[in-house]
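Worksheet for the structure shown next.
Indexing begins at 1, ligand by ligand and atom by atom, following the structure's order. Every heavy atom of this structure was used, including side-chain atoms; hydrogens, water molecules and symmetry mates were not.
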Amino acid sequence: MAKEKNLEDLFHDTLKDIYYAERKILKALPKMARAAQSPDLKGAFERHRDETEGHVDRLQQVFELMGKRPQGKTCEAIDGIISEGEEVMDAFKGTAALDAGLISSAQAVEHYEMTRYGTLKRWAEVLGMQDAATLFGQTLDEESQTDKALTGLADASANEMAKAA
Ligand SMILES: [Fe+2]
Ligand SMILES: [Fe+2]
């Protein structure tokens, strides 16, 4: 029979998953900022890149709270979401639809992060790790604000620009 595993094991595995994902996102965001045509969208990606450094830092604090060293574990989901984003960047390069495409790719990233942080926050509460729950809550708020800001940029111009061309 398989060795017994518990919520703490799930928590630790998921922490490694999002740690890998955040570091991957940290590398992807500058490329998206360079690709973006609208200065507002560029700015949004640059700001979120800076916030993402804070997300990596908070995850390192959670590893520390657990007495574990920070370690990532390949996350196929984020690899897939980011490579689809790169496909959009290539396929729509130089077109009026590029920004709308970039926003949709970035929102897929944000939503992935939101599911991870939502789960981790809840598990941290169940495990009595209140400090970790607070850290996850802070990051979750920033992911959610970013998602909303991206919707705002899509509504304000990117979608209409893509449609009109
Ligand atoms: Fe993040
Ligand atoms: Fe994010």
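- Looking only at side-chain heavy atoms (C-beta outward), L15 and Y20 stay at 4.5 Å or farther from each other.
- Closer than 2.8 Å to the Fe ion (ligand 2) sit the protein N, O or S atoms H48 NE2, E110 OE1, E110 OE2, E113 OE1, E143 OE1.
- When each of R116, E53, R58, H55 is tested with E22 by the rule side-chain contact (heavy atoms from CB on, under 4.5 Å), just one qualifies, namely H55.
- Side chains of L98 and K93 form no contact here, defined as non-hydrogen atoms less than 4.5 Å apart.
- In this structure, the side chains of E113 and L140 stay at 4.5 Å or more apart for every pair of heavy atoms.
- By the 4.5 Å heavy-atom criterion applied to side chains, F11 and M129 are counted as neighbours.
- Ion pairing between a basic and an acidic side chain is recognised when a charged N comes within 4.0 Å of a carboxylate O; R47 and E51 show no such pairing.
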